[in-house]
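For reference, the structure is listed below as structure tokens.
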Amino acid sequence: PYGAGRRLCDEGRILMSVRSIRTRLTVWYTGLLALTFVILGAVAYLMVSYTLHKEADSALRSVAVTLAERNVAQPPQVFPPDVDEVFRRFFGSLPMGPYFDWMDPSGNLTRQFNERNTLPFTNDARRNAVRGIATFETIRTGSRHPVRVLTWPVIQSGAVVGVVRVGMSQQN
């Protein structure tokens with residue numbers, strides 16, 4: 001009887017140690033799987049965010065080029081009446097509060113599409129425009145959502161003749 005009790009006690013310890021190892025392995029693999037999902041989710045989020053950001057920049061560039069070409073060919077006093085259609089073509093729909101304006105090479109506002117949407121003209125964008133360099137910026141305004149703005153220098157015969165600024169809200 002004494003030996004049988006001891007054997008049961010030893011078997012109990014072995015069972016407890018097996019359960020303990022099994023539990024530890026389960027927790028370890030569950031944690032590893034959870035960490036893998038978190039990393040994959042973060043990478044997917046960053047990739048989608050980067051792609052959407054680049055697509056928005058590409059659409060802003062397309063609108064700026066279209067507006068610059070139309071205004072250089074026949075400079076109107078105001079933006080063309082189909083400018084909303086240009087935004088719809090490149091963005092798929094009219095973004096909330098589209099913003100675009102036309103400035104002379106020194107940065108003085110000459111034409112503006114929507115007077116309620118006034119955005120600051122930063123010094124970096126101004127310096128780059130004078131040198132003929134396009135500038136993308138994200139500008140925080142009084143609204144909840146930042147605005148992505150492209151400052152596009154319009155070059156004709158090797159000289160900057162104007163600056164088109166195109167922007168859209170980054171509201172999702």
Side-chain angles (χ1 to χ4, degrees), residues 33-172:
L33 184 64
L35 179 64
T36 302
F37 283 145
V38 167
I39 290 171
L40 286 175
V43 168
Y45 174 80
L46 290 173
M47 288 177 62
V48 168
S49 177
Y50 176 80
T51 301
L52 290 174
H53 190 75
K54 288 300 176 188
E55 285 179 8
D57 285 355
S58 176
L60 284 173
R61 182 184 309 271
S62 298
V63 171
V65 168
T66 301
L67 291 174
E69 287 173 355
R70 287 184 182 187
N71 281 286
V72 167
Q74 297 174 344
Q77 293 301 329
V78 294
F79 281 99
D82 62 343
V83 77
D84 283 343
E85 185 56 36
V86 171
F87 262 87
R88 280 188 189 92
R89 183 171 10 130
F90 290 108
F91 292 110
S93 65
L94 192 63
M96 289 206 52
Y99 174 84
F100 37 98
D101 57 26
W102 184 275
M103 298 180 174
D104 64 18
S106 60
N108 298 317
L109 186 66
T110 58
R111 285 175 266 157
Q112 188 173 16
F113 174 72
N114 190 345
E115 293 175 7
R116 353 177 239 122
N117 293 337
T118 304
L119 295 173
F121 192 30
T122 64
N123 290 331
D124 287 340
R126 185 182 314 268
R127 280 191 298 271
N128 287 342
V130 169
R131 293 185 301 194
I133 301 170
T135 306
F136 284 101
E137 299 174 297
T138 301
I139 297 175
R140 301 228 176 255
T141 62
S143 68
R144 294 185 334 194
H145 304 286
V147 177
R148 187 73 174 163
V149 177
L150 168 60
T151 303
W152 185 264
V154 180
I155 301 172
Q156 190 175 30
S157 301
V160 176
V161 296
V163 177
V164 174
R165 291 194 328 144
V166 182
M168 65 179 271
S169 172
Q170 298 218 305
Q171 179 179 2
N172 296 338

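Since the model is a prediction, treat every value here as computed from it, not as a measurement. What's counted below: heavy atoms across the whole structure, side chains too, no hydrogens, waters or symmetry copies. Note that the numbering runs from 1 along the sequence shown for the chain.
Residues A129 and T151 approach most closely at CB-CG2, 4.2 Å, considering heavy atoms. Taking each heavy atom of W102 and L67 in turn, the nearest pair found is CZ3-O, 4.4 Å. The shortest non-hydrogen separation linking G132 to P153 is C-CG, 3.4 Å.
The distance from atom OG1 of T135 to atom CZ of R127, rounded to the nearest 0.5 Å, is 10.0 Å. Interatomic distance, T122 OG1 to I139 CD1, rounded to the nearest 0.5 Å: 6.0 Å.
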Pair up each side-chain donor or acceptor in residues 41-53 with any protein partner under 3.5 Å, not counting sequence neighbours, and list the distances.
| from | atom 1 | to | atom 2 | distance (Å) |
| --- | --- | --- | --- | --- |
| T51 | OG1 | M47 | O | 2.9 |
| H53 | NE2 | R148 | NH2 | 3.3 |

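With hydrogens and angles disregarded, no donor-acceptor distance shorter than 3.5 Å links the side chain of S58 to the backbone of K54.
Not counting sequence neighbours, R126 has no partner by the salt bridge (charged side-chain N to carboxylate O under 4.0 Å, His left out) test. Listed by chain and number, the residues in a side-chain contact (heavy atoms from CB on, under 4.5 Å) with R61 are V65, F136, L150, W152 (sequence neighbours excluded). Checked against side-chain contact (heavy atoms from CB on, under 4.5 Å), V130 has no partners two or more places apart in sequence or in another chain. Scanning for side-chain contact (heavy atoms from CB on, under 4.5 Å) contacts around I133 gives N128, R131, with sequence neighbours left out.
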Criterion side chain to side chain contact (heavy atoms under 4.5 Å, CB included) on Q156 and V154, from CA distance to verdict: CA-CA 7 Å; Q156 190 175 30; V154 180; 5.7 Å; no

